[in-house]
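Working notes, structure below.
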Number of protein chains: 2
Amino acid sequence: MSSVLSGEADDRRGLTTQIKAALRDLRNELSILNRQVSARIAVKDGDLDCLDLITRHGPLSPSGLARLAGVHPATLTGILDRLERAGWVARERDVQDRRAVLVRALPQRSREVFHLYAGMNSALDEICAGYDQSQLEVVADFMRRAADAGKNAAQELADGEQAAHGKPSPP
Amino acid sequence: MSSVLSGEADDRRGLTTQIKAALRDLRNELSILNRQVSARIAVKDGDLDCLDLITRHGPLSPSGLARLAGVHPATLTGILDRLERAGWVARERDVQDRRAVLVRALPQRSREVFHLYAGMNSALDEICAGYDQSQLEVVADFMRRAADAGKNAAQELADGEQAAHGKPSPP
DNA sequence: AAGATAACATATGAGTTCCGTATTATCCGG
DNA sequence: CCGGATAATACGGAACTCATATGTTATCTT
């Protein structure tokens with residue numbers, strides 16, 4: 001068989017491994033950056049994750065947010081208490097369903113956190129400037145797929161947890 | 001002025017914005033995945049971050065790890081206590097400097113966590129299979145740069161914190 | 001249509017974690 | 001050797017997490 005072909009296959013395998021390693025690294029560094037930013041605005045890093053979710057996924061209910069963030073509902077109450085007390089978010093009752101609450105991010109303070117990410121932001125601009133358009137498309141595409149894969153993997157783990165403690169598997 | 005050129009510039013700007021959004025999303029999803037994995041092995045998610053760092057950056061000292069992970073040294077003592085008690089890592093005294101300690105990951109249990117990431121792992125294999133070699137190189141390269149940018153940004157924030165509380169700026 | 005049931009958010013409290021500071025052990029320069 | 005610096009940990013108060021309980025409102029059942 002062709003050594004050229006198997007050589008290419010090896011390269012691909014190696015690259016895939018490199019990508020996984022880079023992804024672990026990336027997650028870790030971004031996680032640390034997140035921690036530093038959190039410390040600056042005097043919230044827990046989990047709180048900042050939630051704030052980010054609230055900002056991006058519009059006004060939403062605490063229970064929805066709990067599912068989205070993968071935290072216990074009671075924990076989320078505490079998180080929202082802190083975010084609300086510090087003026088990051090507002091709670092308002094849902095007019096459709098008066099049991100429910102809608103949480104929305106307040107725009108004023110959001111600028112602060114944006115400013116803290118300014119360094120990372122401009123660094124990313126510089127990095128992106130080094131690629132051509134089709135390459136940027138590849139990168140954006142890859143990251144969206146990877147994020148989706150992460151979401152699915154997390155969901156499967158959550159479901160598995162469910163199955164382990166509850167009924168084995170619904171028919 | 002050329003509408004074609006400004007159109008391309010607009011596309012690039014849009015792509016850069018998309019990449020930043022995708023990166024936020026990616027970080028968030030991976031963070032949630034991390035939380036689920038942590039819950040499965042009964043450790044805090046910060047603990048898992050540290051375990052990952054220990055695994056990847058070989059045996060290292062608690063103080064080095066504290067710097068690397070961006071956590072308070074006293075907090076790290078607690079983290080290591082938990083990881084050690086559960087059999088994830090071992091502490092051993094450094095023979096060169098008997099004040100110091102070396103922390104190393106124990107291989108046995110590491111397989112468990114590997115298994116929990118199996119779903120994500122195979123999903124990434126599939127995703128990577130959809131790109132050709134040069135595209136994979138672009139992705140790997142981008143992620144390494146982004147991780148580096150994150151590290152620098154976090155470092156700058158940490159230094160700024162230092163400057164804010166200590167001397168304004170050393171000459 | 002009325003009552004039972006479920007869903008939503010939050011209160012409560014026990015157990016755990018975080019982190020500023022103090023303590024102990026060790027290294028290094030003079 | 002000794003004084004100062006550095007590594008890791010001990011300690012304790014404040015803060016956090018989470019299982020469970022509670023009060024309110026919606027939805028289902030018959």
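Chain letters run A, B, ... following the sequence lines, proteins first, then strands; residues in each count from 1.
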Pair up each side-chain donor or acceptor in residues 71-81 of chain B with any protein partner under 3.5 Å, not counting sequence neighbours, and list the distances.
| residue | atom | partner | partner atom | Å |
| --- | --- | --- | --- | --- |
| B:His72 | ND1 | B:Ala74 | N | 3.0 |
| B:Thr77 | OG1 | B:Pro73 | O | 3.4 |
| B:Asp81 | OD1 | B:Arg91 | NH2 | 2.2 |

Give the residues of residues 48-65 of chain A touching DNA chain D, defined as any heavy atom closer than 4.0 Å, sorted by residue number. none
List in chain and number order the residues that pass side chain to side chain donor-acceptor pair (under 3.5 Å) with B:Ser134, two or more places apart in sequence or in another chain; answer none if no residue qualifies. B:Asp132
For DNA chain D, please output the secondary structure as dot-bracket, reading 5' to 3'. Pairs are Watson-Crick or G-U wobble, both atom distances under 3.5 Å; mark crossing pairs with [ ], other-strand partners with |, unpaired with a dot. ||||||||||||||||||||||||||||||
Pairs flagged by salt bridge (charged side-chain N to carboxylate O under 4.0 Å, His left out) wherever residues 56-77 of chain B is involved - sequence neighbours left out: A:Asp25-B:Arg56, B:Asp52-B:Arg56
Which parts of nucleotides 25-30 of chain C does protein reach within less than 4.0 Å, heavy atoms only, written one letter per nucleotide 5' to 3' as B for base, S for sugar-phosphate only and - for none? BBS---
Assert: residue with more 5' nearest nucleotide on DNA chain C, out of A:Asp81 and A:Arg67, is A:Arg67
With sequence neighbours left out, the residues meeting salt bridge (Lys or Arg N to Asp or Glu O under 4.0 Å) with A:Glu126 are none
Just how far, in rounded Å, is C1' of D:dT25 from CZ of A:Arg93? 9 Å
Could you work out, with side-chain contact (heavy atoms from CB on, under 4.5 Å) as the rule, every residue matching B:Ala149, not counting sequence neighbours? A:Met120, A:Ala123, A:Ile127
Residues two or more places apart in sequence or in another chain: which of them pass salt bridge (Lys or Arg N to Asp or Glu O under 4.0 Å) with A:Asp148? none
With sequence neighbours excluded, tell me which residues meet salt bridge (Lys or Arg N to Asp or Glu O under 4.0 Å) with B:Arg12. none
Protein proximity profile, nucleotides 13-20 of chain D - base contact B, sugar-phosphate-only contact S, no contact -, cut-off 4.0 Å on heavy atoms: ---SSBBB
A:Lys20: what forms a salt bridge (Lys or Arg N to Asp or Glu O under 4.0 Å) with it, not counting sequence neighbours? B:Asp125
